[in-house]
Each structure stands twice: as C-alpha cells, then as structure tokens.
Amino acid sequence: MNRMIPGVFWIALFLAVVLLPVTEMLVSPVPSGRPFWLEASVGLGFFGLTQIAVQFVLIARFKSVTAPYGIDVILQFHRQLAIIAIAVLVFHPLIIVIDNPSRLKLLNPLGGNWASRCALVSLLALLAIAATSIYRERLRLNYEHWRLSHLLLGVVAVVFAQLHVSLAGLYTNNGWKQAIWVGMAVAMVGAVLYLRVLKPAWQRGNRWRVTEVRAERGDTWTLVLEPVEHPGLAFLPGQFAWLKLAGSPFTLEEHPFSFSSSAQRQDRVEFSIKALGDFTSTIKDVPVGTLASLDGPHGAFCIDRYPAVGYLFIAGGVGITPMMSFMHTMADRRDPRPVLLLYADRDWGGVAFREELAGLQDQLDLQVVYVLQEPPGDWQGEQGMITPELLRKHLPKELILRNFFICGPPPMMEAVQTALLEMGVRQEFIHMERFNLA
Amino acid sequence: MRHFLANIATYTIAIFLISAAALFGWGRSAQLVISDEPTVLQRFAPAPGHPFEWTALGEKGYRRNCQSCHGPEGRGWDQYPKLDHTASLFLAAGGREYLIDVHLYGLTSARWGAPMPPMAHLHDLELTAVLNHVLTHFGNDQRLDDRTVLYEPEEIGPRRGQELSPWGVEKRRQEIVLPGRQ
Ligand SMILES: Cc1cc2nc3c(=O)[nH]c(=O)nc-3n(C[C@H](O)[C@H](O)[C@H](O)COP(=O)(O)OP(=O)(O)OC[C@H]3O[C@@H](n4cnc5c(N)ncnc54)[C@H](O)[C@@H]3O)c2cc1C
C-alpha cells in the first residue's frame, strides 16, 4: 500500500501539469470565446502539447517517479500517453479545418504563416515518431538509429509546437503567459539533458571493470563487474541495469540486462548475456579490464517487493537470469521458503546454469523441473511446452499464497499467465518481466 | 497486475483530458471567462442620454481578437494584410454592410495564404466597437471626415444568420471593389 500513495501522487501531478498551463491562459487578458468546436480543438492542442513535453520527464528514469510502478510500466505509460497525445494533436487541426474549410490553405507549407508552418513540422515529426516506433521491427530499423532519431524528432516536435503556440499568440498574449509556456517546454525537454549528460557525467566517477567473462551453456556469457574505487551498487534481486561497455558514458549505446548475481553482494555484480544480436554476440570477446558504466538499478520484478510464503519461478531460455539472482540472494540470506523452478529450454546441452542450479539445491528448499523442447533420447523429464496440464501436475496444492515470477519468450509468458489465471491464481500474484522495453 | 492497473490509468487519463478539452470548449464558447461577458458588455451599451462608449472596448477587443494576426499597429505580417485600406472598403457602395459580413462569415481569397476567420462569436457590442476602432486607427482616420457615421450595435444583428461562406464573402468583395483598386 505504501507504493499506492506515490503512485497516485505522480498521476495527479501529471494531470495538474497538463491542465495548469491551459487554466493559466484563462486569466485576463483572454480573447473572446469562439465557437465550441474551435475552442475544444484548441484545448486538445494544448493538452496534446504538454502531454508530449511530459514524455521527456517520463523517460528520464527519475528513480522516485519510476519506483512505485516499475520502469517497464513507465515505458508502457510513455507509449500509450504519447499515442493518445499524437491522436489528439491530429484532431486539433482536423477539427479546425472541418469547422471552417477555408483554413485548408494553412496546411500548404507555401501558404499559411509561420505559426501554421511550425505546427506542420511538429505534426509531421510526431507522425514520423509514431510510425518508426510502431513499425520499428517491420521497417528493420536498427535499435540505436531508431533511438537517436526518436530523441531528435521528439525535440523537434516540442520545439516547433511551442513556436506554433507562441507565434499564433492568441492565448499566450502577454509576457508572463508566454514565459510560462516557454519555461515549461524548456524544463521538460531539459529532462533529457539529465538522462544523457548529467547522469553519464556522474557515472564517470562510478565506473566498473570487467574482471571475468565466463562461458555458460547455451551461447550465454556471464560478465563479472567490480566497482572502480566506489562501494558498488545496492540492488534488489531481479532488478536490472543499463550497461554501457567501453567508450564514454555519453554514448547512446546501452543495453538493459538483469543482474544474475546475489543482491547481497554490492561490490561484485554479474550479468548473464545470451548472444542473440549485434551487441550480445560481442560479449564473449570483451577483454578483462574493460571499463563499463551502469545505469540502475531499475525494475519492479523482485521477490522483495512481493513477500510470500513461497515462490514459483517459471523461466524460458535466458529468462532464467533474474531467477538466478533470486535464488543466489535467497541462498545467501539462508531463506528457508520453498521454491519451485520450471525451466524451459530447447535442448539439454544448452541449458545454462544447470550445474549451478544443482549446487543451489543443496542450499535452498528448491525443486527444479526442466522442460525440454528437443529432449535427448533417454530423457525422463518433461518435454514440449509449458502447458496447463504440466502446470497442474507440478504446482503445489496450496497455490493461493505463492507468488509467481515469469520471464521468457513473450508467447510462453502469455500462455503461462492465461493458464495460471484459469487455475484460479489471482492476477496480483503473477509477475512478469519482458526482456523488451521497446 | 502492474501493467493492468497502468492500462486503467491510461484510459482514465485519456478520458479526463478529452473531457477537459470539451469543458474548455464549452466554457470558452459560452464566454464563461472570469465573469459572464454579455453582462459586462451591457455596461457599454448605448442608452438614452448616454451614447455608445466604444473607444476602450474597441481597443481591448482589437487586442484580444485581431492583434495576433493583423499586428498591434494594424501593419499585418506574413500572410496577414495591413488594415490601412479598411476605410476605403467602408466608403465604397455596399462597403458598410460588406465589412460586417467579413467579420461574421470570414473571407478567403487568392490574395493571401491564410483565411480571415469568421468572428460571429463576438457580441454585437464588441464587434461594433472593434470595427469603429479599426476605422479610426492605422491611417484609416485620414480618409474619414466629420460627416462619417460610425457603426452602431443594432446594425450587426440583421446581418447575422445569412448563408454565407468565406468564398461567398469574397464574391461580394469583387462586386464592391472597383477593378484596378485594392
Ligand atoms: C529488463 C530487461 C532485462 C534483460 N535482461 C537480459 C539478460 O539478463 N540477459 C540477456 O541476455 N538479455 C537480457 N535482456 C535483453 C537484452 O537487453 C537484449 O537482448 C539486447 O539489448 C539486444 O541487443 P543486440 O544488439 O544484441 O540485439 P539486436 O538484434 O540488435 O536487437 C534485438 C532486439 O533487442 C532490443 N534491443 C536492442 N538494443 C537494445 C537496447 N539498447 N535497449 C533496449 N532494447 C534493445 C530491440 O527490441 C531489438 O529489436 C533484457 C532486456 C530487458 C528489457
């Protein structure tokens, strides 16, 4: 419940921030009110703009904002609110033109005026953002290129929208109103400086050194990092951090990875990384001694957040990494609570950490069920997918008080969640981590 | 669970903002700003022994409704015309009525890359005051003499409710402006 208060507080503050600049414009001097649709569309335009500007604050990873929800939820908010804002901003000119079709000429960049031209630039930037974000994978945009263009287009959209407001000037018709609007826009877009300049500058004094690169089964490598002249990082089991390797901390290339080591050790953290793409395939060749920066800890996928009498961990492939952190932490804490791990993977040879898990079974009340898609000929265990039958067979009878943590490929997570809900597990006991924030 | 609650929050926020925009539109179109405008305007209305006091109202009305396009000194900018030829339109045959129509129904033409928006939401009193303000400023006063009769509020009402579009107003303009003149 103590997360409820900040959770509601930030949403209320969000609404206040979106509403205030509009109410401020109703203080004298105000233009005479125009017909309903025209004014409502102006209202939509103003709300849309502040909502776009607020996005820069949402994605700046301020801990106090993200902590109550988990950063994955914040990014979900970001996507949904931005899409609503863009839709609203498309309706703004649409209604104005329908209200009086002679305004159509404002959409011609050669006609119109500087106010309408700026609005056009802003709207086109927003539509480009929406298209490249929704269809990023289909357009085969490289993640780093997408991210950079996303940031630049976002700044362009807000700057030109603000110019539109200032130049149209109907509502920002005196000095202090103009100042409030420009000030708000600058402050919010400035949040991006915090994320991309101030925080990296601070990270320069908090660097890490790669002390070991350990090969695991299944094309996975564990990167061991130790702090360079600082005490390290306090995190909760299951959280993650953005990792920047080598280069300067000001680079845009950073990747999120879950800690796979025990949260009881702040001065030595591990990430286990499966070679799946450009960056992850280079992990095996990272020389010992390489410097790294971490932005973290982030995330709400952690057992400490959800105390329970026992846990069920359901992992698919590399989704095992946060579970390794759970179990190592529990072992270090001599936690007696029972744990059942369902671990699905392709083949027995590629099951990462299976020796380590055998070791953990000596320290914990841990039962491990492997589910193999392509089992060897003499396999006695489970095979295929994690199905409702398989769950029913292995889950303890007193399901009610356990908490479920699921991490793996999205189709698996969906299927398991549906099955659990059908078995009567309450939604609030099911926790999922998606290895994809985009 | 967190994602589920977040979805509810998103929908709530969306509905809230759209309602707020509608409320904004309603409040503004009903002239519900600070005080009820028609009531305030009535204080300027002409009455027996007390002529129409349009000077302050006209200046304020111009600042609030016209200045963003036509500029504080009526000099125009970019796609918006200067207002120094308004008196000649006013003096042309049919020009007196035409100018009222420009404000009630808007105007669009090939001369400018933006339209003049309809201003029918202005109260008769405010529109009259603004028209008189334009006619007595920006150089228009040079073309008027002592015999000129400025607008009175009761001239506006009868011109409301015509089926006129901004293009229709442009047609009327062609009829009153002599060829070869602006
Ligand atoms: C919270 C979280 C925890 C994760 N934990 C682990 C882990 O413990 N072990 C592990 O192996 N993987 C983990 N991942 C996945 C890992 O971040 C991606 O596999 C990696 O970023 C892919 O980069 P690439 O260049 O190798 O792959 P590419 O083939 O270039 O990209 C594949 C996809 O990965 C995503 N991606 C790429 N670059 C980034 C980036 N900079 N930031 C965010 N997403 C990106 C995009 O959706 C992209 O389409 C985690 C992801 C998240 C979100």
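Per chain, numbering begins at 1; letters A, B, ... match sequence-line order. Computed from a predicted model, the values in this text were never measured in an experiment.
- In terms of heavy-atom pairs under 4.5 Å with chain B, the best-connected choice from S102(A), S116(A), G169(A) is S102(A).
- Summarising the geometry of G25(B) relative to E39(A), their closest heavy-atom pair is CA-CB, 3.6 Å, with the distance given to 0.1 Å.
- Atom CG of L38(A) and atom OG of S29(B) lie 10.0 Å apart (nearest 0.5 Å).
- Interface check for chain B: of the options L19(A), L81(A), I11(A), D72(A), the most heavy-atom pairs under 4.5 Å are formed by D72(A).
- Interface residue F14(A): only side-chain heavy atoms are found under 4.5 Å from chain B.
- With a 4.5 Å cut-off on side-chain heavy atoms, R79(A) and T10(B) do not count as touching.
- From N7(B), atom CG reaches atom CZ of F77(A) across 8.5 Å, with rounding to the nearest 0.5 Å.
- Put simply, CD on Q427(A) and CG on L5(B) are 8.5 Å apart, with the number rounded to the nearest 0.5 Å.
- Between the N113(A) side chain and the A114(B) main chain, no donor and acceptor come within less than 3.5 Å of each other.
- A pairwise comparison of heavy atoms in A21(B) and G43(A) identifies CB-C, 4.0 Å as the closest pair.
- The contact between F36(A) and chain B is made by backbone and side chain atoms together, counting heavy-atom distances below 4.5 Å.
- Scanning residues 300-307 of chain A against chain B with a 4.5 Å heavy-atom cutoff picks out A300(A), R305(A), Y306(A), ordered by number.
- A distance of 9.0 Å separates CD1 in I84(A) from CD1 in I15(B), rounded to the nearest 0.5 Å.
- Note: M116(B) CE to R103(A) CZ = 10.5 Å, rounded to the nearest 0.5 Å.
- Of all residues spanning residues 152-159 of chain B, none has a heavy atom less than 4.5 Å away from chain A's heavy atoms.
- Crowding of W167(B) atom CH2: a count of heavy atoms from other residues, nucleotides or ligands under 6.0 Å exceeding 12.
- Between the side chain of K105(A) and the main chain of A110(B), no donor-acceptor pair closer than 3.5 Å is present.
- In W114(A), the CH2 atom is not crowded: 12 or fewer heavy atoms of neighbouring residues, nucleotides or ligands sit closer than 6.0 Å.
- Taking CZ of F46(A) as the start and CG of L17(B) as the end, the distance is 14.5 Å to the nearest 0.5 Å.
- Atom CZ of R160(B) sits in a crowded spot, with more than 12 heavy atoms from other residues, nucleotides or ligands closer than 6.0 Å.
- For chain A, no part of S19(B) is nearby; none of its heavy atoms comes within less than 4.5 Å.
- Counting only heavy atoms from C-beta outward, the side chains of Q79(B) and R117(A) approach each other to under 4.5 Å.
- Proximity to chain B is absent for every atom of A85(A), based on heavy atoms less than 4.5 angstrom apart.
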* Asked: Between F24(B) and L26(A), does a side chain to side chain contact (heavy atoms under 4.5 Å, CB included) hold up when you go through it step by step?
  -> CA-CA 10 Å; F24(B) 179 80; L26(A) 297 181; 3.7 Å; yes
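- Using a 4.5 Å cut-off on side-chain heavy atoms (C-beta onward), S68(B) and Y171(A) make no contact.
- Ranking R34(A), Q80(A), M432(A), Q51(A) against chain B, the residue ahead of the rest is R34(A), based on heavy-atom pairs under 4.5 Å.
- Both the backbone and the side chain of L44(A) come within less than 4.5 Å of a heavy atom in chain B.
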